[in-house]
Protein chains: 2
Amino acid sequence: MTRKEEIRLIALKLMKFHGFSGLTMRLLAKELGIEAASIYNHISSKDDILEQVCVDLATKFQSAVLEVNDIYFNAPEKLNILIKHHVNILCEDLNASSVFMHEWRYLKEEKRLEFIGKRNLYEQEIRKIIQLGIEEGHFNEVDTKFAAITLLSALNSVVEWYKPSGELSPEQVAQNLAQFVLTGLSKQKL
Amino acid sequence: MTRKEEIRLIALKLMKFHGFSGLTMRLLAKELGIEAASIYNHISSKDDILEQVCVDLATKFQSAVLEVNDIYFNAPEKLNILIKHHVNILCEDLNASSVFMHEWRYLKEEKRLEFIGKRNLYEQEIRKIIQLGIEEGHFNEVDTKFAAITLLSALNSVVEWYKPSGELSPEQVAQNLAQFVLTGLSKQKL
DNA sequence: GTGAAACTAACATACGTTAGTTAGTGATTA
DNA sequence: TAATCACTAACTAACGTATGTTAGTTTCAC
């Protein structure tokens, strides 16, 4: 691991706790055991760290959903696969995911708009899946925008509690989420 | 409306967009058409604004869930009522709710721990409802911690998209959420 | 002796906040 | 009626500190 990657890693860990504004270069330096100015031998700016992680994760999510929607499956299958991908991406680097979820609003104007664009595209592709499910007769006739946002919010909650040291693997979490989202809490006896 | 309330209102509106750290007293002052220092004739500190809204909303949520769990109902009924209360609280002041959701981590140590305590209590009470539902035979045998967090996350997504000018009333939103959470996306034909 | 990685010193700016003052308004009193 | 007082809400000026970042220099292993 290069020093640059090391810095990024610790920066994300701290950013998860203190938020983007709460993480100062001097705090980051202290954690690294060096002076704040020394950090600039490896990275170009504080904004850069945030930008990189946001663009990086947004791209991963985008690839995942486009891939799923490119292959022929029915909606429940698509949703299952997407949830698995989504959870895997989130769990791969929980600090990065947490920053991605909470700190994107501190991106500079241009990058922020770019980010929102990618996020909307992701939501749009999920709405397509839900719409498909309705047309197939697999899903209830819900409002696709409402359903997509609620679904995404449920999935993203994973970053708030998932511990790699815990009992569940990302695959099991994905399975639980899929069950929750598809069948809900109630037993089938309404 | 007193000047103090007016300041609080605009502060929350700005905080929703810029985050707690992104809202500076000088920006707030500009929006108010006065000087930054003048704000201190009405409020005691920037932290105070955050504290007030966090404590205020946390208390409301707490009252709601305790009330629901104090009355005798079965779990699906309790959940329905709680969701209605939850959404109503969120929609009452969307700016405040958004700040409550995203900026609580910027509370000072002491108040933050207090906040987390109240939040945990809320989660705990929801787990009780889910546990009750399982024992009654109404709910699937899910992990209550997982279910409570996922449920809460789904509910809280309301602050990200709800517009009072839109078609749906808070009651209708609550109904949609209840359906989503209880029966899921799938039609009952598994 | 070359390159990576740290250092010291400093700059310009931005921040929350305090202190002391002023302007206007409405009620009370001489 | 005119003068006094309290109150509200704004002002100017400034303080002390923190921030991201730079420029130039040193250290040290290969």
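Note on naming: letters A, B, ... go to the chains in the order of the sequence lines (proteins, then strands), and numbering restarts at 1 for each one. These figures come from a predicted structure and were not determined experimentally.
Rounded to an integer number of Å, the gap from Leu27(A) CG to dG20(D) C1' is 14 Å. Taking atom CG on Asp47(A) and atom P on dG20(D), their separation rounds to 10 Å, with Å as the unit.
Among the heavy atoms of the strands lying under 4.0 Å from Leu23(A) are primed sugar atoms or P, OP1, OP2 only; no base atom is included.
A donor atom on one side chain and an acceptor atom on the other are not found under 3.5 Å apart for Gln175(B) and Gln179(B). Judged purely by distance below 3.5 Å, without hydrogens or angles, the side chains of Glu125(B) and Asn69(B) pair a donor atom with an acceptor atom.
Annotation for Val53(A) and Phe100(A): closest pair O-CD1, 4.3 Å, computed over non-hydrogen atoms. Across Ile49(A) and Ala11(A), no two heavy atoms sit closer than the pair CD1-CB, 3.9 Å.
With sequence neighbours excluded, the residues forming a salt bridge (Lys or Arg N to Asp or Glu O under 4.0 Å) with Arg8(A) are Asp93(A), listed by chain and number. Looking at residues two or more places apart in sequence or on another chain, you find a side-chain contact (heavy atoms from CB on, under 4.5 Å) between Glu31(A) and Ile10(A), Lys13(A), Leu14(A).
Atom CD of Glu110(A) sits in a sparse spot, with 12 or fewer heavy atoms from other residues, nucleotides or ligands closer than 6.0 Å.
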For Watson-Crick and G-U wobble pairs within 3.5 Å on both distances, what is DNA chain D written in dot-bracket notation, | included for inter-strand pairing? ||||||||||||||||||||||||||||||
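Classification of the His86(A)-Phe61(A) ring pair by plane angle, with boundaries at 30° and 60°, yields tilted.
For DNA chain C, the contact window with chain A, defined by any atom under 4.0 Å from a protein heavy atom, covers dA5(C) to dA10(C) in 5' to 3' order.
Listed by first and then second residue, the salt bridge (charged side-chain N to carboxylate O under 4.0 Å, His left out) pairs that reach into residues 67-82 of chain A come to none, sequence neighbours excluded.
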Identify the pairs formed between an N or O of the protein and an N or O of nucleotides 9-11 of chain D at a distance under 3.5 Å, and give each distance.
unit_1  : atom_1 : unit_2   : atom_2 : d
dA10(D) : OP1    : Arg3(B)  : NE     : 2.9
dA10(D) : OP1    : Arg3(B)  : NH2    : 3.0
dA10(D) : OP2    : Arg3(B)  : NE     : 3.2
dA10(D) : N7     : Asn41(B) : ND2    : 2.3
dC11(D) : OP2    : Glu35(B) : N      : 2.5
dC11(D) : OP2    : Ser38(B) : OG     : 2.9

